[in-house]
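To start, the structure under review is shown below, and the notes come after it.
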Amino acid sequence: MSPQATEGGAGGSAGLDPKSSTAASPPPPAFGRTLPSRGREARDSRITAGVIALGAIAILIGGAFVGLILEGVNDLSGAIAAFDGYLFRVARFTLWQAALSTLFSVVPALFVARALSRHPHFPGRGLILRLFAVPLALPAIVAALGVLALYGRAGYLAGLLTKISGGDWPGIYGLSGILVAHVFFNLPLATRLFLEALNAVPTDQWRLASQLGMSARAGFRLIEWPALRASLPGVAGLVFMLCITSFTIVLTLGGGPRASTLEVAIYQSLRFDFDPARAVALTLLQILLTLAVVAVLMRLGANVTGDANLSVAPRRYISSGRGETALDAALIALGLAFVAGPMLATVLSGLESDLMRLAGEATVQSAAATSLILACLAALLCVMLTLALAMARRALQLQRKAAGEKSFLEHMTDTGAGFVLVVPPIVIGAGWFVLLRHAGNVFALAPVMVVTVNAVMAMPFALRAVRPAYDAASERHERLCAQLGIRGWSRLRLIEWPVLRRPLSTAFAFAMALSLGDLGVIALFGSDSVQTLPYLLLARMGAYRTADAAGLALLLGLICLALMALADRLGKDTAQ
Amino acid sequence: MNSPMRPGGVDIRLEEVTFTYEDMRMRFDATIEAGQITSVMGASGAGKSTFLNLVAGFETATSGRVLIGGADVTAAPPSARPISMVFQENNLFAHLTVEQNVGLGRSPALKLAEADRTDIADALGRTGLAGKERRLPRELSGGERQRVAIARVLVRDRPVLLLDEPFASLGPALREDMVDLVMSVHRERGMTVVFVTHQPEDARRIGGNLLFLEQGKVIAAGKTEEFFGKNGPEAFRNYIGTGNAEPQSQEFARKPT
C-alpha cells in the first residue's frame with residue numbers, strides 16, 4: 001500500500017513525490033482508481049443521476065405531449081371542430097364546481113380554524129385535528145363511496161333527508177354530490193392550513209392584546225383576521241386547483257354530461273366515444289386552465305403540495321365568553337360531523353358487506369395483488385427519482401457556491417419537480433393513450449403507465465420528506481466525503497443510505513399510499529386483464545354491486561390509512 | 001505502517017494565488033517547508049480557513065498556482081491531493097463506528113483487508129482509543145472524537161496534514177494533550193503539518209514555523225519563537241495583545257498549566 005504515491009491532478013504532471021516521477025510508476029493505489037482526470041470540474045455522479053431522473057420525467061411528460069400534438073395535427077379539423085358548445089359547457093362546469101367547492105370549503109374552514117385556535121384545550125382537539133388529516137390520506141373513490149353511503153338515495157341519512165325535504169330523497173348525484181365530496185376533502189385541509197397560520201401569530205401579540213384589554217371581537221379584527229387574510233389567497237388557490245383537477249369524485253358522483261368536468265370528459269372521449277380529436281381539444285383546455293391557476297398560485301406564493309405542519313398550539317391570553325365558547329363548540333362539532341360522517345358511513349357499510357366472501361374472490365385477490373405490486377414499483381421509482389433530484393440539486397448548489405446564478409439544470413432539480421403537479425395524470429395518460437393506440441394493444445401498457453405516472457405524481461410530496469434530510473446530511477458530510485474521496489456508489493451505500501433510510505421510507509410509504517388509491521391512469525388503461533383495487537371498485541359500482549364496492553372501499557381505505565400513518569410516524573422519528 | 005516510502009513531508013507553495021470571498025479579495029504567496037509544522041494565525045476573517053481550503057482543494061484559486069511537492073494541484077479535487085485534513089467538527093460519520101470511521105481513511109469504499117485492519121488497530125492504540133473500536137461517535141467525548149480523526153490521519157498516511165482549528169472546542173488541558181499528540185504523530189511520520197489556530201499558546205507549544213495572515217494576505221512568516229520574541233512583527237504582537245510587553249506574553253503562555 002503506498003497511499004501517497006498519486007498522480008498529479010489537472011496538469012497531468014509528475015507524481016507528487018518527486019522521487020516517484022523518475023521511478024517506474026507504481027500501480028495505482030486504492031483511491032487512485034477513482035481520481036477524475038479532469039480535476040475539480042469532474043462531473044459529480046450525483047448530477048448525472050439527477051439528469052437521468054429529469055430525462056425520465058421529461059420523456060414521460062414530453063411523450064404525452066407528442067401524442068397530443070401529433071393527433072391534433074393529424075386531425076386538425078376534428079380537433080378544431082371539437083371546440084363546440086359541449087366543450088365550453090364542460091369547461092364552464094369545471095370552473096363553476098371548483099369555485100363553489102372552494103367557497104364552501106374555505107369560508108367554513110376560516111371559522112372552524114378560528115374556533116379551534118381559540119380553544120387550545122377543547123376536549124378531543126388533538127383527535128379532531130388528526131381526524132382532519134385523514135381525508136388527505138383517503139383515496140378519492142373511497143371518500144366518494146362514503147358520501148354515497150351517507151347521503152345517497154339508499155344512504156344512512158336518506159330517511160331523515162326524505163322527511164326534511166318532504167318528497168322522495170333523490171340522492172346526491174350531480175353537482176351537490178361533487179360539492180359535498182370536495183368539501184369533505186378540502187374543508188379539513190383548509191382548516192389545518194388556517195390553523196397553522198393562526199398558530200404562527202407570535203404569543204407576544206396575544207399577551208399584548210390581553211394586556212390592552214382587547215375583546216374577542218377586537219382580537220379577531222386586529223390579530224386573527226390579518227393572519228387569516230394573509231394565507232387566504234394561497235389556501236383558496238390550492239383548493240381551487242385541487243377541485244379543478246379532480247377526476248375520481250366527478251367520475252363517481254357526477255351525473256352525465258350535465259355534471260362533467262374536463263378530466264372526466266377526456267376519459268369519456270377516449271374510453272367510450274373513442275374520439276381522440278375531442279380528447280386533444282379537452283386536454284389542451286385543461287392544461288391552459290391549470291397553467292393559469294398555477295400561475296396565479298405562484299404569484300400568491302401558495303404551498304402547492306398543501307401539507308400543514310401543526311405545531312403545539314400556543315397559549316391564548318384572550319378569554320372567551322360563555323356564548324362565544326358555545327358557538328365555537330357548535331362550529332367545531334358541525335365541522336367534525338361533516339368530516340367524520342362519510343368516514344363512519346364507509347366503515348359501517350363496509351362491515352355490512354360480505355367481507356369474507358369478497359376476500360375469497362379470485363378477482364379481488366388478483367386486483368389486490370396487482371395493486372400492491374404496482375404501488376410498490378411506483379413507490380420505488382418515485383423514491384429513486386426523488387433521491388436523484390435531491391442529490392443533483394445539492395451537488396449543483398455546492399458547485400455554484402454562494403454567489404453564482406442558478407443554472408437552468410439547478411432550477412429544474414429545484415422547482416422543476418413541482419411542475420409535474422401542473423400536468424394532471426389524466427392528461428399524461430391521455431397523451432400516451434393516443435400516441436400508442438396505433439402501436440398495438442394500449443391496455444397491455446397499463447402496468448407501465450400506472451407505475452410511471454403515479455411515481456412522478458408522488459414526487460413533489462416525496463421531495464418534501466427527502467430533500468431537507470439529504471441537505472442536512474450533506475451539510476455535515478460534504479467536506480469529509482470530498483477529503484476522503486468517498487463518492488458514487490460507496491457514498492450512497494456507506495454514508496447516505498444509513499442516514500436517509502427513514503425519510504426514504506416515509507417517501508416510499510406515502511408514494512405507495514397515493515398510488516394504491518389512485519384512479520386516474522388506471523381508469524384509462526385498465527381492463528379485465530389488468531385491474532387494480534380502485535378500478536375493480538369502480539367496476540362494481542358501475543354494476544350496482546354496492547355492497548361489494550363498500551367492502552372494497554373499506555379495505556382500500558384501511559390499507560392507505562395504515563401506509564400514511566406509517567409514513568407520518570417514520571417522518572416524525574426522523575425529525576427528532 | 002508498512003509504507004514502502006518513509007512518508008516524510010512535501011513542501012507546499014502558493015504562487016500568487018488569488019481568491020475572492022464575498023467582498024474580500026485575497027492574495028496568497030507562501031511557502032510551507034517540507035516536514036515541518038507550520039502554524040497559521042490571524043484574526044477572524046483574515047482568511048485562515050480560506051488559505052487552508054485552497055490547499056485542501058475545497059476552494060479553487062481564481063488565478064495563481066498551488067503546488068504540493070512540486071506538483072500543480074490547483075485544479076485537483078480534494079481527494080486527489082496528498083492531504084489528510086482534520087476539521088473543527090464533523091470529522092466523523094455519526095452512524096459509523098470508530099473503526100469504520102478510521103477505516104475510511106484507508107478505503108473510501110470501506111473494503112478492508114486483514115493488513116488494513118491491523119493498521120487500524122495500531123492507529124487506534126497509538127491514539128489511546130484501544131477498546132473503543134465498536135463505539136459510535138456519540139458515545140465518545142469531544143476529545144476522543146478528534147483522536148479518532150487523528151487515528152484516521154495515521155492510516156491514511158499522506159505527506160500533508162492540515163488541521164483547521166481542530167481543538168478549538170476543547171478545554172485548555174485537553175487541548176494541550178491533543179497538541180502533544182499531533183506533535184508526536186509528526187515526529188513519527190515527519191509529514192508536513194499546517195495547523196490553523198487562534199490560540200497563541202498552541203502555536204508556542206508547537207514551535208516550528210508561523211504564518212501570520214491579515215486581510216487575505218500573509219503579512220509575516222518565520223520561526224514561531226521569533227514571532228513571540230522581543231522583535232516579533234508588530235501586527236502579530238498587537239493581535240495577541242502583548243504590545244511591547246514581553247513578560248505578559250510569557251505569563252499568558254503559562255496560564256493553562
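Throughout, a chain's letter reflects where its sequence line sits, starting with A, and its residues are numbered from 1. Predicted, not measured: the structure shown is a model, and the values here were computed from it.
At a threshold of 4.5 Å between non-hydrogen side-chain atoms, the residues A:Leu484 and B:Arg152 count as touching. In this structure, the side chains of B:Leu92 and A:Leu480 stay at 4.5 Å or more apart for every pair of heavy atoms. Looking at heavy atoms from C-beta onward, A:Cys481 lies in side-chain contact with B:Phe93 at the 4.5 angstrom threshold.
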message: Could you walk me through whether B:Leu110 and A:Ile486 satisfy the side chain to side chain contact (heavy atoms under 4.5 Å, CB included) test, starting with their C-alpha distance in whole Å, then the side-chain angles of each, then the deciding distance to 0.1 Å, before giving a yes or no?
response: CA-CA 9 Å; B:Leu110 217 50; A:Ile486 308 170; over 6 Å; no
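When atom types are taken as modelled, the side chain of B:His95 and the backbone of A:Trp497 share no donor-acceptor pair closer than 3.5 angstrom.
Contact record, B:Ser79 with A:Gly485: CB-CA, 3.2 Å, taken as the closest heavy-atom pair. Closest of all the heavy-atom pairs between A:Leu494 and B:Leu96 is O-CD2, 4.0 Å. In terms of heavy atoms, A:Ser490 sits closest to B:Ala109 at OG-CB, 3.1 Å.
With sequence neighbours excluded, no residue forms a ring pair (Phe, Tyr, Trp, His ring centres under 6.0 Å) with A:Tyr470.
Surrounding CZ of B:Arg25 are at most 12 heavy atoms belonging to other residues, nucleotides or ligands under 6.0 Å away. More than 12 heavy atoms of other residues, nucleotides or ligands sit less than 6.0 Å from atom CD of B:Glu139.
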Output side-chain donor-acceptor pairs under 3.5 Å for residues 83-91 of chain B, partner residues at least two apart or in another chain, one line each.
{"from": "B:Ser84", "atom 1": "OG", "to": "B:Arg156", "atom 2": "NE", "distance (Å)": "3.4"}
{"from": "B:Asn91", "atom 1": "OD1", "to": "B:Phe87", "atom 2": "N", "distance (Å)": "2.7"}
{"from": "B:Asn91", "atom 1": "ND2", "to": "B:Phe87", "atom 2": "O", "distance (Å)": "2.5"}
{"from": "B:Asn91", "atom 1": "ND2", "to": "B:Gln146", "atom 2": "OE1", "distance (Å)": "3.2"}

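If you take CZ on B:Arg158 and CD on A:Gln483, they are separated by 7.5 Å, rounding to the nearest 0.5 Å.
If you measure heavy-atom distances from B:Asn101 to chain A, you find no contacts under 4.5 Å at all. Neither the backbone nor the side chain of A:Arg491 comes within less than 4.5 Å of any heavy atom of chain B.
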